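These values consider heavy atoms only, across backbone and side chains, with no hydrogens, waters or symmetry-generated copies. Predicted model only: the values in this text are computed from it and were never measured. First the proteins, then the strands, lettered A, B, ... as listed; each starts at 1.
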Number of protein chains: 2
Amino acid sequence: MTPVEMLTLHHLRKTPTRLAILKYLQTAPFPQSENDIHKKMQDSYDRITFYRTIQTLMESGIIHRIVADNTTVRYALNHCTSALNEQDADHVHFFCTKCGKVECMEEVAVQPYQLPDGYKKEECNVVVKGLCNECAKKNSAEK
Amino acid sequence: MTPVEMLTLHHLRKTPTRLAILKYLQTAPFPQSENDIHKKMQDSYDRITFYRTIQTLMESGIIHRIVADNTTVRYALNHCTSALNEQDADHVHFFCTKCGKVECMEEVAVQPYQLPDGYKKEECNVVVKGLCNECAKKNSAEK
DNA sequence: TTTATATATGAAACAATGTTGCAAATGTAG
DNA sequence: CTACATTTGCAACATTGTTTCATATATAAA
């Protein structure tokens with residue numbers, strides 16, 4: 001699905017900032033930070049607009065925010081954004097403590113946790129921290 | 001275990017800030033925010049010291065930080081802090097989207113997720129969002 | 001194509017969160 | 001009680017997130 005189609009589907013206006021962010025996230029191999037997006041957009045970037053755009057895109061379910069750490073936030077397209085109308089399955093996120101990379105592990109599904117009586121579940125976020133394959137390889141080569 | 005014993009066990013100096021934070025977390029029924037701790041400590045509170053203390057206590061494994069949200073951070077004693085030398089089992093954290101309360105669900109264990117080859121797992125954080133029993137009750141009473 | 005208008009933007013100003021360097025204070029081993 | 005490594009607290013800064021409001025713009029309708 002193209003960024004224009006994503007916005008059309010959700011009855012959102014096709015503004016430059018929204019299109020720029022969606023295009024960038026679509027080409028990015030991993031979830032991206034505000035700073036990544038900022039650098040990509042250069043002068044056309046405004047922080048306030050960014051936060052509001054992110055908010056809008058999240059509310060529509062086009063993207064999701066990954067909070068890997070108290071200082072590490074990333075954004076990624078929802079998978080259902082490419083497969084129309086399909087609900088995103090909750091997936092595990094991986095955070096490399098060495099290089100800082102965050103990954104959406106679409107293939108690792110989140111377990112359905114059973115909460116105590118009376119609690120109402122809405123969403124479940126799983127972040128696994130460790131070394132990504134590249135950093136793990138470098139690490140074992142070093143010693 | 002008393003706060004003094006916790007610090008002794010980890011060869012940390014028994015300073016007023018450390019003791020105050022540990023005492024407060026020990027009596028708190030839920031994980032607490034920086035602001036909660038600040039209010040409790042009043043004048044004896046200094047933000048820089050707070051951050052450094054938290055860092056030290058986390059590195060020693062006395063407390064853990066729960067990042068429920070990009071704007072919601074809480075701190076809680078590790079369970080092993082009361083049961084000497086016992087490794088804390090990773091547990092699920094619950095975040096109430098209505099009242100903002102965070103809970104450690106010690107009784108809900110984290111599933112061991114299988115990562116792709118080459119990745120090295122270090123830690124796994126699970127945050128379930130939804131309504132806590134109190135807010136869920138209020139919610140159904142309202143309608 | 002033009003116009004009306006609801007929506008989105010961007011500036012200013014602020015609030016909250018987190019970090020670093022350094023001199024002074026303090027906990028503790030001896 | 002003293003020596004000294006550790007910890008504190010201040011100043012100064014960096015990053016992240018929010019609110020208000022006037023201006024600009026995307027789009028539906030004429």
Spacing of B/N35 atom CG relative to C/dA16 atom C1', expressed in whole Å: 10 Å
At 4.0 Å (heavy atoms only), tell me whether A/T49 reaches a base, stays on the sugar-phosphate, or touches nothing. base
Given atom NE2 of B/H10 and atom C1' of D/dT6, what is their separation to the nearest angstrom? 18 Å
Quick one: B/R13 CZ to C/dG27 P, roughly how many Å, whole number? 9 Å
Do side-chain atoms of B/T53 reach the backbone of B/R18 as a donor and acceptor pair under 3.5 angstrom? no
Would you mind telling me which of A/I37, A/I21, A/V102 makes a side-chain contact (heavy atoms from CB on, under 4.5 Å) with A/Q32? A/I37
Which is true for A/R52 with a 4.0 Å heavy-atom rule: it touches a base, it touches only sugar-phosphate, or it touches nothing? base
Could a donor-acceptor pair under 3.5 angstrom be found where the side chain of A/R47 meets the base of D/dG17? yes
At 4.0 Å (heavy atoms only), tell me whether A/T17 reaches a base, stays on the sugar-phosphate, or touches nothing. sugar-phosphate
Quick one: do the B/Y119 and A/E103 side chains pair a donor with an acceptor below 3.5 Å? yes
For A/S33 and A/N35, test the side chains for any donor-to-acceptor distance below 3.5 angstrom and give the result as yes or no. no
Over how many whole Å does the gap from B/Y51 atom OH to D/dT16 atom P extend? 13 Å
Take atom CZ of A/F50 and atom P of C/dT9, then tell me their distance rounded to the nearest Å. 13 Å
Looking at every strand, decide which applies to B/N70 at a 4.0 Å heavy-atom threshold: base, sugar-phosphate, or nothing. sugar-phosphate
Whole angstrom value for the distance that separates P of D/dA22 from CD1 of A/I48: 17 Å
